[in-house]
Amino acid sequence: MADVTMLDAINMGLRTEMAADSNVVLLGEDIGVNGGVFRATAGLQNTFGKQRVIDTPLSETLIAGMAIGMAAEGLKPVVEIQFMGFIYATFDQIINHASRLRNRTRGRLTCPLVLRAPFGGGIHAPEHHSESTEALLAHIPGLRVVIPSSPSRAYGLLLAAIRDPDPVIFLEPKRIYRMFKQQVQDNAEALPLDVCFVLTEGTDVTLVSWGAMIHETLAAAEQLATNGINAEVIDVATIKPLDMNTILESVAKTGHCVIVHEAAKTCGVGAEIAAQLAEQGLMSLFAPVERVTGFDTVMPLFKLEQKYMPSVVRIIAAVTRSLKNA
Amino acid sequence: MLDYEGNLLDTNIPDIANNQQQLIKLYQSMVSTRLFDKKATLLQRRGQLGTYSSSLGQEAIGATIGCLMHDEDVLFNYYREYAAQFMRGVKMSEILLYWGGNEQGMNFQKARHDFPICIPIASQVPQAVGAAYAMQLRKQQRVAVCVLGDGATSKGDFYEAINAAGIWNLPIIFVINNNRWAISLPQDKQTHAQTLAQKAIAAGIAGEQVDGNDTIALYCRLKKALEKARSGAGATIIEALTYRLCDHTTADDASHYRNQQEVQENWHYEPIQRLKYYLIKQGYWSNADEEKLYSQSQEKVETAVKEYLNTPEQSPESMFDYLYETLPDTLVEQRNSIMVKEPK
């Protein structure tokens, strides 16, 4: 058992799976000699060699396309895109090919790749480095979109993503890469995909979030508890496909739901959760669903980024509004 | 190497020029592909097929690629080199199923590693690089063969891919079918480069131009590039010059943008008659052979059409059945809903 950051946990997961499965290869920009701009792949090229930990030229379209060709040939490529702001160059490959290769060939060719990218704001990064655009990918049939929120879930979910026989977009909330440490056992045990994790149980309100915002959501839940409000906090973790059952069960118990995400509000994943609650959970609700999200604006440069991102104060205000309708 | 009347111009005669069996195989493939094209276009006009892209006038490129590739190689094809696919065992009925709107047409029963036809231009090129990388990593004696059109060489995917093929010295060949027209855009508006082959220079790999309507020249150059890739000596771009005698697809009318006289002139250079003249001059081919070939090929095409038309439609729930290896729980309800029979 080691006390590790999320970055350490990702590195540990990659190392463990590369040692266990010679088909796993890593490719991306600056991931080999340099160990990645965030050091997620540090030391792996030394252990597994230049052929399996591939420093690619600066070509995101190439990287994504290559991973598809490799995956169809039976390798298990794990791609790193340096920042989510540079992921859009891969969309032709991911949307037109990776997500549908199994379907269009009726299972003849498959695409077991993982595409990792750090995302989200809060680290004073330059322009184009701080957006949260996970909903773009969650819209695409055939993909899985997975977002860890702690070192242990990063380790377990990453192993699951690499072992999954279909393409997985693995988005890493970089604000919490080094924020806190956690005991993680390097036991090669994966966590399940396609399910939410209930982080704290409660009876008064359901707080639904994922990624770095889990941190603020848990902090809000703690403050609410001091006022005698018991919040149930759900980490969605896999935003595509979405495990609504866990959310519906919770809302059936609490009657109140606040969704928290860093991404812009309109057509965010919160909109999908709210829509499904309206379809399947309306009778459980005592109050309208609240969304605490980033604004429908361009992600500001870092001087204003804290104003953009949902805060504990905004989450508590939303919970208070919701509970007024009790 | 061959002039338009089928005379061998080169004094240094390559082996293939005297290989009757192989030349006839190539000729048969080209003829049956042309008959297939004609039939597919007809089916589209009759409403029995969706949009179809013909390979009329460009058959030598596909036939030669298909003839020279090994079974274990992998083909990354765009939407014209049917002759290559047929040579590799893809069924004519599968191609018809694809253009007829049935995904089963991409579930090839042979050539199981080959990628299906690629529609988004040049996106198959990085994928081919990935496959070639996997082959090299596993020390396999295999080659990735990537075919693309002239328009594709203007896309970033192409540059990114050839650049990487050079860096890693990959077992890959890029065959550019330069049929002079990318839908309505002629080559001089596609690029100011004198040739497309010269784009290889920027990637530090070999590049050469060949007459894509000259089967013997094509065969020599492709064979050399394939052997080079297989031996670990790296990538080659081969620009095969040909001409699109057809419209872009059945949804296109090239008379809007292309001079009909240019098309007529190019019929003079098309690959099938050129090879036929040569075969006859060599004494490899007779009128009787020709008649037999046409009737047999026509029969093959008709059999494929029957197979295509008699293939049962897929069930609606098949939309869900190949989306993931295991259908996520969240999609079970959607799948069930499509299986409910609507009331009459």
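Below, chains carry the letters A, B, ... as their sequence lines are ordered, and counting in each starts from 1. Values reported hereafter were calculated over all heavy atoms of this structure, with side chains retained and with hydrogens, waters and symmetry mates removed. Just so we're clear, the structure is a prediction, and the values are computed from it rather than from any experiment.
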Close side-chain approach of B/Ile121 and B/Tyr79, heavy atoms under 4.5 Å: yes
Taking all atoms of both residues into account, what is the closest heavy-atom pair of B/Ile205 and B/Gly166, and its distance? CG2-CA, 3.4 Å
Please look at B/Tyr159 and chain A and tell me whether the side chain, the backbone, both or neither of the residue comes under 4.5 angstrom of a heavy atom of that chain. neither
With a 4.5 Å cut-off on heavy-atom pairs, point out which of B/Thr326, B/Thr330, B/Ile167 contacts chain A the most. B/Thr330
Non-hydrogen atoms of chain B under 4.5 Å away: do they reach the side chain of A/Leu101, the backbone, both or neither? side chain
Option in B/Ala134, B/Pro116, B/Ala144, B/Pro328 with maximal non-hydrogen atom pairs under 4.5 Å from chain A: B/Pro116
Scored by heavy-atom pairs under 4.5 Å with chain B, the best of A/Pro57, A/Ser99, A/Ser22 is A/Pro57
Answer key: most heavy-atom pairs under 4.5 Å with chain B among A/Arg100, A/Arg144, A/Arg52 is A/Arg144
Does either side chain, that of B/Glu81 or that of B/Asn177, offer a donor lying less than 3.5 Å from an acceptor on the other one? yes
Between B/Val74 and chain A, with a heavy-atom cut-off of 4.5 Å, which part of the residue counts as in contact: side chain, backbone, both or neither? side chain
So, the part of B/Ile162 with a heavy atom under 4.5 Å from chain A: the answer is neither
Checking heavy atoms, do the side chain of A/Leu242, its backbone, both or neither come under 4.5 Å from chain B? backbone
Ranked by heavy-atom pairs below 4.5 Å to chain B, first place among A/Met66, A/Met70, A/Arg106, A/Gln93 goes to A/Arg106
Among side-chain atoms of A/Asp235 and A/Ser149, is any donor-acceptor pair under 3.5 angstrom? yes
Most heavy-atom pairs under 4.5 Å with chain B, out of A/Asp164, A/Asn23, A/Ile54, A/Val25, belong to A/Ile54
Less than 4.0 Å between a side-chain N and a carboxylate O, is that true for A/Glu17 and A/Arg163? yes
Does the side chain of B/Asp114 pick up a donor-acceptor pair with the side chain of B/Gln85 at under 3.5 Å? no
One option among B/His113, B/Met319, B/Arg138, B/Met135 has the most heavy-atom pairs under 4.5 Å with chain A, and it is B/Arg138
Looking at every non-hydrogen atom in both residues, tell me the closest pair between B/Gln124 and B/Val147 and how far apart they are. NE2-O, 2.8 Å
Where does A/Lys240 contact chain B at under 4.5 Å (heavy atoms): side chain, backbone, both or neither? side chain
With under 30° as parallel and over 60° as perpendicular, where do the rings of B/Tyr82 and B/Phe86 fit, or are they tilted in between? parallel
B/Phe320 versus chain A, the contacting section by heavy-atom distance below 4.5 Å: neither
Quick one: do the A/Thr133 and A/Tyr88 side chains pair a donor with an acceptor below 3.5 Å? yes
Check whether the side chains of B/Asn107 and B/Gln104 place a donor and an acceptor atom closer than 3.5 Å, and report yes or no. yes
What part of B/Tyr324 gets closer than 4.5 Å to chain A, counting heavy atoms only: side chain, backbone, both or neither? both
Of the listed residues (B/Ala128, B/Ser318, B/Gly156), which shares the most heavy-atom pairs with chain A below a 4.5 Å separation? B/Ser318
Grab the two heavy atoms, one from B/Ala206 and one from B/Lys228, that are nearest each other, plus how far apart they are. CB-NZ, 3.3 Å
Does any backbone or side-chain atom of A/Asp166 lie under 4.5 Å from a heavy atom of chain B? Answer side chain, backbone, both or neither. side chain
What part of A/Thr110 gets within 4.5 angstrom of chain B, counting heavy atoms only: side chain, backbone, both, or neither? neither
